[in-house]
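Note sheet for the following structure.
Atoms within a ligand are numbered from 1 in the order they appear, just like the ligands themselves. All values below come from the heavy atoms of this structure, side chains included, with hydrogens, waters and symmetry mates left out.
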Amino acid sequence: MSWALNKVILSPYEASVFRRETLPTCDDVTVEIGFGNGEFLLDMASRNERGFCFGIEVSMTSILKAARKCLMRRLPNVRLLCGDGSFLLREFFLPESVGRVYVNFPCPWPKKRHAKRRLVTPGFVCNLAHALKVKGAFELASDERWYIEDARTCLLENPAFEVGDVLVGESSSFRTKYEEKWISMGKSIYRLKATKHVPFRVEPVVDWEVTALNVKAKRPDVWEASRLSCLCGLTGGEERFRWTFKDLFLGSQETALLQAITVDDGFEQKFYIRLVPCEGEVLIKLDDASSIYRTPAVKRSFAALAEEIERL
Ligand SMILES: C[S@@+](CC[C@H](N)C(=O)[O-])C[C@H]1O[C@@H](n2cnc3c(N)ncnc32)[C@H](O)[C@@H]1O
């Protein structure tokens, strides 16, 4: 990725530096979750040059496209984060610091068995209340009336919010790609606005100190590929913070690369752990090509790996 794109897209490492050095100086912060083609976000950024506009997306393709547009239009006040909007709302932003959060046409996931994938849930509403300033606002648009009604119920159940009525057919200052699509198909557009009126916080879990995750294990007597392969498929943790080790790749000179997956409150990260012999021990470290948030599940996976290697 080019240096310029890197300035717009915040990897977990860049996010930690930005969070420490720049975020405390930003007093006008707007967030859009699930920005798709990015046009709404970029329009907002072009009209609010003094404030910072953050976009959060799960799709890296959308992130790259929006970052390129942002550079072409010379918008210095946009930053993009890749990952789940609910988790990053709670973890990245300073508590009670965000002025506005927009969610435009989230995937509704209408089937009951997919309900867990919906963005606006009671957990999301807690994370939203944590990130928003008092008097900060949340705006949601959808083509599905039931989705907006469900979201309204979640917001009403949280004491932090004053929630408006569902508005039908209200025009917006800027039509998103999906809004254009639904309007061209003759569908109605529903909108909801909620304002945070009392303080509310939850407990974030990411460790933003950029310290190395290295741990060491006593080296097993014989360093054999066959013995390491039993690490594959190991899984552990408890309900909120879980980890699994997947494939193992053996390199030359006794080094190995182990694929890990961690899940913290539903937030999944995939990365590689490097195992390197070091002064009679095994050094367990994050592979240089992996960029991750330091979550409880990540830390636990490293500690568990050291224990497992000592047991080999
Ligand atoms: C239906 S599209 C709407 C895109 C855009 N807001 C619009 O109105 O044109 C939903 C977008 O949300 C993104 N998305 C889905 N779940 C998400 C999540 N948990 N966090 C952040 N983005 C998410 C998808 O990748 C997709 O780009």
### Message
Quick one: does any side-chain atom of E310 pair with a main-chain N or O of K218 as donor and acceptor, under 3.5 Å?
### Response
yes

### Query
Ignoring hydrogens and geometry, is there a side-chain-to-backbone donor-acceptor pair from E57 to S62 under 3.5 Å?
no

Could you tell me which atoms of ligand 1, counted from 1 in the order shown, lie closer than 4.0 angstrom to a heavy atom of [X]?
| X | value |
| --- | --- |
| C107 | 10 (C) |
| G83 | 20 (N), 21 (C) |
| L119 | 19 (N) |

How close does the nearest protein non-hydrogen atom get to [atom], and which residue and atom is it?
| atom | value |
| --- | --- |
| atom 5 (C) of ligand 1 | G34 O, 3.5 Å |
| atom 20 (N) of ligand 1 | G85 N, 2.9 Å |
| atom 8 (O) of ligand 1 | T176 OG1, 2.7 Å |
| atom 1 (C) of ligand 1 | F105 O, 3.1 Å |

### Task
Say whether D84, considering both its backbone and side-chain N or O atoms, lies within less than 3.5 Å of an N or O atom on ligand 1.
yes

### Task
Consider every N or O of S62 and every N or O of ligand 1, then say whether any pair is closer than 3.5 Å.
no

#### Entry: ligand 1 contact by E57, heavy-atom criterion under 4.0 angstrom
yes

### Query
Does A141 have a non-hydrogen atom less than 4.0 Å from ligand 1?
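The answer is no: ligand 1 sits nowhere under 4.0 Å from a heavy atom of A141.
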
### Message
The criterion is side-chain contact (heavy atoms from CB on, under 4.5 Å); which residues satisfy it with R113, sequence neighbours excluded?
### Response
K111

### Message
Going by side-chain contact (heavy atoms from CB on, under 4.5 Å), name the residues that satisfy it together with A66, two or more places apart in sequence or in a different chain.
### Response
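Here the qualifying residues are F35, L80.
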
#### Entry: Ring centroid separation F52 to F18 under 6.0 Å
yes

### Message
Check for me whether the distance between the ring centres of F267 and F87 falls short of 6.0 Å.
### Response
yes

## Note on the structure
The single option from K135, R90, K133, R201 that satisfies salt bridge (charged side-chain N to carboxylate O under 4.0 Å, His left out) with E96 is R201

### Message
Could you tell me if E179 and N104 have a donor-acceptor pair between their side chains, going purely by distance under 3.5 Å?
### Response
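The answer is no; no qualifying pair exists.
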
### Task
Under 4.0 Å, heavy atoms only, figure out whether ligand 1 is touched by the backbone of V58, its side chain, both or neither.
both

### Query
How does N104 reach ligand 1, if at all, at less than 4.0 Å between non-hydrogen atoms: by side chain, backbone, both, or neither?
both

#### Entry: Charged N-O contact under 4.0 Å between R311 and E308
yes

